[in-house]
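Reading through the structure tokens given below for one structure.
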Amino acid sequence: MPGTLTTTSPAMISQLVGHKNFVRVNPMSDQFEIKRFHHLELYCGDASNTSRRFAWGLGLAQVAKSDHSTGNPLYASYVLQSQELVFVFTAPYAPPSSSFPSSSPRHAVPITNIADAPSSSSSIPHPAFSPTDAAGFFTRHGLAIKAVGIEVEDAHVAYEKCVAHGGKGVLPAQLLKDVETGQSMLMSEVMAYPEEEGEVVLRFVSGGFKGPFLPNYQSTPSPPLSYGLQRIDHVVSNVRHLLPVANHLMGMTGMHEFAEFTAADVGTVDSGLNSLVLASNNEKVLMPVNEPTFGTKRKSQIQTYLEQNQGPGVQHIALKTDDIFATMEELKRRTHVGGFDFMPKASPEYYRGLPQKIGAGVLTEEQLTRVEELGLLVDKDDQGVAIHEVMEQQTVTIAKAGIHASLNARCSVLAAANPVYGQYDKHRSVQENIGLPDSLLSRFDLLFVVLDQIDPGTDRAIAEHVIRAHSYRRPGNDMAPERLSSGPLDVASSSLQDEEDTPEEHRVWEKANPMATDGGAERGEQAGRAAQQEQDILTKNFLRKYVFYAKSRIQPKLTTEAEDAIATYYFTLRSKQERKTVPITPRTLETLIRLSTAHAKVRLSNEITRNDCDMAMELLSFALYHEGDEQHGRLPSTASSLPPTAEEEEEEEEEEEGEEEDKENKGSNQRRRRRRGRKSGGSEGTDEEDEDEEDEAGSEGGSPIKKGGGKKKARSQSPGANARGGFFLSRLNAALQTHGDGLPFPQFVELLNEGLEEGGREGGLFSQEEAMQLVVAQDENGKCYWEENAQVIYSS
């Protein structure tokens with residue numbers, strides 16, 4: 001059935017932790033697909049005059065109606081709209097009589113097939129409207145919201161899921177047919193709160209009806225009117241007991257906790273409240289729930305509302321605008337001529353402290369002045385949700401210079417962030433350093449931490465690059481730097497527009513621009529030879545065509561071997577997740593698949609092989625564990641956790657046979673040395689014997705760094721040793737950050753021998769003497785420091 005989701009309900013909430021301790025996570029737990037707020041319906045005593053008041057005060061145009069003139073004898077209903085914001089004002093005509101159609105709600109039998117849904121094609125839009133109930137609602141609550149309309153993928157599925165998870169059904173799915181056009185849509189309703197809490201309903205609609213509102217509402221052309229209001233941002237409910245209602249809504253719909261506030265966060269000595277915000281998967285439907293707190297000087301405003309409203313209900317709504325300054329100016333002009341009143345302006349001290357509260361540079365001086373003039377309150381979005389629209393909906397909303405548009409953003413997103421502490425703190429997690437929630441960070445496939453480390457080689461390379469970029473200026477232009485006209489630095493001149501098809505366009509190779517090299521012979525003979533060998537480079541046109549061809553023509557599929565490799569690596573990451581890395585979630589699986597697919601496309605292969613997965617895993621490991629510190633050498637590999645191939649099994653067997661022979665030879669050599677030592681009276685041996693010992697140390701898998709300087713020739717590494725080295729480095733990296741870049745020597749040896757108990761190294765476990773050879777520096781407190789030579793542990 002369309003619209004069904006296979007999800008896990010969010011965990012129930014037992015107590016509030018407060019805004020400072022709350023960590024936002026989006027578990028994608030909706031029971032059914034929720035799209036957006038569709039409308040809000042308010043019951044009132046005079047729908048005509050009330051709707052006109054709101055239309056004038058908020059800048060809403062009347063777009064549809066249903067009343068006596070359209071053949072509706074039960075109630076009058078008028079629809080106001082501004083962009084996606086829709087208000088419906090409904091009032092019953094009179095108590096029902098025998099001359100009216102039946103006013104009792106239709107208790108339809110639950111359906112199992114949408115084709116069996118009861119249909120309504122009368123002139124009454126709502127098939128279960130009761131004038132008696134509507135009049136009673138208005139008598140008890142006054143002008144108030146009766147229904148919160150939510151657009152879903154399938155209103156039938158939404159109703160069934162809510163009822164199955166504890167919701168109380170009001171109107172099973174009804175197929176509403178428009179008399180004039182024949183178009184239809186589905187509508188269903190459930191109680192928003194538990195049975196003892198309020199009368200508000202959640203109204204689910206689906207079907208893509210193209211009329212002005214719902215079927216059998218008649219369009220009412222009116223002059224355009226808008227003050228810039230765009231849509232409903234959130235709908236706030238006030239209830240007596242917060243947690244039962246919030247858990248009821250979460251269990252019924254699957255919505256997750258978006259934010260929470262306690263009296264300590266938003267209360268004062270005079271009044272307080274507790275609040276919990278629920279959100280849909282796409283976080284376009286936000287429903288805060290408030291409860292009063294007691295023990296303050298004044299009665300909580302939430303308690304006052306509950307008493308005046310005679311029970312729970314929707315207390316207020318938040319409306320999003322494209323330009324809050326322009327909107328507020330229009331609203332305030334109408335305050336004394338039929339518009340709405342506003343809360344008193346905050347104190348001058350509040351506005352003087354705004355720059356410090358929200359951060360310098362967030363608002364200009366002109367904006368701060370207008371904020372104070374209009375009496376606006378300003379807060380900073382500390383959860384970083386502004387980019388959620390791009391990451392989640394793949395759209396970008398533009399509202400500038402009178403242009404209002406929503407553009408597609410189906411592309412790769414490259415974002416940069418500065419550390420919130422001014423400098424990256426290795427003792428804190430990435431989330432704490434960047435100040436963004438997990439729900440946003442988890443949407444990025446790769447996260448790299450680039451540290452500004454003092455390194456003479458890197459600093460010189462950066463300086464030379466900047467100098468080369470400024471090395472040419474046109475005559476008469478003394479200040480502005482010019483980009484080079486050709487070569488790798490010619491970024492600005494590249495164009496994706498079609499040009500004349502010339503032989504130059506089809507060249508694959510071109511000569512490297514000498515100004516763009518790394519200094520040539522100035523870096524020494526070795527660098528000069530490398531520069532000579534790389535005179536030819538790929539042209540930009542060829543690279544553009546290659547990338548376009550790979551993206552558009554190559555559609556690789558996962559092989560069974562690749563699927564097993566990705567699944568195994570994901571399990572390994574989950575089991576070894578460190579606190580200072582980003583969370584490993586099911587989205588990580590999608591990341592591995594995307595990276596593997598990209599690598600296969602680069603190879604122009606229609607199959608994703610294990611090699612593609614290995615490259616993706618290496619890249620993801622770098623992003624997860626390296627954290628920008630290049631001193632820790634190679635990164636975690638995955639070969640140790642993946643099942644070996646047949647070729648690897650054969651190589652391991654051959655290595656085991658060779659290791660047995662080496663052990664026998666080593667034993668005989670040691671016996672010969674002991675005999676020679678006894679004959680010489682216990683002397684330390686000759687120079688020739690010392691060389692034999694050094695050669696044997698190299699064959700035993702110890703450090704290839706000799707005490708006298710220089711390195712022994714390294715043997716070729718086996719895939720297993722390479723993987724163990726990568727695993728050790730990842731664990732060492734985490735341990736070093738925990739101990740402030742210093743590690744107790746016994747713990748270092750323990751980490752070094754981890755995973756070698758089953759014969760992972762020729763010669764057995766590392767002794768403390770052998771481990772000491774691998775340490776670059778050691779301080780007076782017995783802590784060893786691990787720096788540039790970490791990559792050679794398993795090389796010999």
Which heavy atom of [X] sits nearest to which heavy atom of [Y], and what is that distance?
| X | Y | value |
| --- | --- | --- |
| G59 | S82 | O-CB, 4.0 Å |
| A47 | C44 | CA-SG, 3.6 Å |
| P215 | M185 | CD-SD, 3.3 Å |
| P244 | P194 | O-CG, 4.4 Å |
| M250 | I13 | SD-CD1, 3.6 Å |
| F138 | L143 | CE1-N, 3.8 Å |

Worksheet item: What do you reckon, is NE2 of H316 surrounded by more than 12 foreign heavy atoms closer than 6.0 Å?
Response: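 Yes.
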Item to complete: For I324, look at atom CD1 and say whether over 12 heavy atoms of other residues, nucleotides or ligands are found less than 6.0 Å away.
Response: no
Examine the side chains of [X] and [Y] and answer whether a donor and an acceptor come within less than 3.5 Å of each other.
| X | Y | answer |
| --- | --- | --- |
| N274 | T262 | no |
| T70 | N72 | no |
| Q62 | S222 | no |
| E199 | H141 | yes |
| H126 | E189 | yes |

Side chains of [X] and [Y]: closer than 4.5 Å at any heavy-atom pair?
| X | Y | answer |
| --- | --- | --- |
| L331 | F340 | no |
| I145 | L42 | yes |
| V314 | V236 | no |
| P312 | R240 | yes |
| Y351 | V378 | no |
| L306 | P292 | yes |
| V148 | L40 | yes |
| F325 | L374 | yes |

Between [X] (side chain) and [Y] (backbone), is there a donor-acceptor pair under 3.5 Å?
| X | Y | answer |
| --- | --- | --- |
| W56 | V337 | yes |
| S280 | M255 | no |
| E260 | G18 | yes |
| N26 | N281 | yes |
| N216 | V179 | yes |
| T293 | G272 | yes |
| T220 | A64 | yes |
| R203 | I150 | no |
| Q303 | Y305 | no |
| T321 | G228 | yes |

Worksheet item: Step by step, would you call Y227 with L60 a side chain to side chain contact (heavy atoms under 4.5 Å, CB included)?
Response: CA-CA 8 Å; Y227 304 159; L60 308 175; over 6 Å; no
Practice prompt. Starting from the C-alpha separation in whole Å, work towards a yes-or-no answer on side-chain hydrogen bond (donor to acceptor under 3.5 Å, both in side chains) for S275 and N290.
Written response: CA-CA 4 Å; S275 180; N290 297 340; 2.7 Å; yes
Worksheet item: Angle class for the F137/Y43 ring planes (parallel below 30°, perpendicular above 60°, tilted otherwise)?
Response: perpendicular
Worksheet item: Which of parallel (below 30°), tilted (30 to 60°) and perpendicular (above 60°) describes Y75 and F129?
Response: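 Judged by the thresholds at 30° and 60°, the geometry between Y75 and F129 is tilted.
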Could you state the interatomic distance from [atom1] ([X]) to [atom2] ([Y]), rounded to the nearest 0.5 Å?
| X | Y | atom1 | atom2 | result |
| --- | --- | --- | --- | --- |
| M191 | Y193 | CE | OH | 9.0 Å |
| E33 | E151 | CD | CD | 9.5 Å |
| Y78 | S48 | OH | OG | 5.0 Å |
| T253 | K161 | OG1 | NZ | 12.5 Å |
| M328 | D323 | CE | CG | 12.0 Å |
| L214 | H38 | CG | NE2 | 6.0 Å |

Item to complete: Check the pair K299 / E307 against salt bridge (charged side-chain N to carboxylate O under 4.0 Å, His left out), numbers first and verdict last.
Response: CA-CA 11 Å; K299 184 186 299 183; E307 294 174 358; 2.9 Å; yes
Worksheet item: Of E153, E283, E84, which meets salt bridge (charged side-chain N to carboxylate O under 4.0 Å, His left out) against K35?
Response: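 Testing each of E153, E283, E84 against K35, the sole residue satisfying salt bridge (charged side-chain N to carboxylate O under 4.0 Å, His left out) is E153.
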Practice prompt. Show your reasoning for whether side chain to side chain contact (heavy atoms under 4.5 Å, CB included) applies to M187 and L171.
Written response: CA-CA 8 Å; M187 183 175 74; L171 178 69; 3.9 Å; yes
Worksheet entry | Cation-pi, F37 ring and R231 (6.0 angstrom, 45 degrees) |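 No, R231 does not sit over the ring of F37.
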Worksheet entry | Ring-face cation of K65 near Y217 (centre distance under 6.0 Å, axis angle within 45°) |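 Judged by the rule, K65 and Y217 form no cation-pi pair.
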Worksheet item: Does the side chain to side chain contact (heavy atoms under 4.5 Å, CB included) test come out yes or no for V205 and L186, once each step is laid out?
Response: CA-CA 6 Å; V205 296; L186 278 176; over 6 Å; no
Fill in: Centroid-centroid distance, F22 to F261, less than 6.0 Å
no
Practice prompt. May I ask you to check whether F54 and F89 place their ring centres under 6.0 Å from each other?
Written response: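 Yes: the rings meet the under 6.0 Å criterion.
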Note: [X]-[Y] ion pair, threshold 4.0 Å (strictly below):
| X | Y | value |
| --- | --- | --- |
| R370 | E366 | no |
| E349 | R352 | yes |
| E41 | K146 | no |

Worksheet item: Can L243 and L16 be said to form a side chain to side chain contact (heavy atoms under 4.5 Å, CB included), step by step?
Response: CA-CA 9 Å; L243 293 182; L16 300 181; 4.2 Å; yes
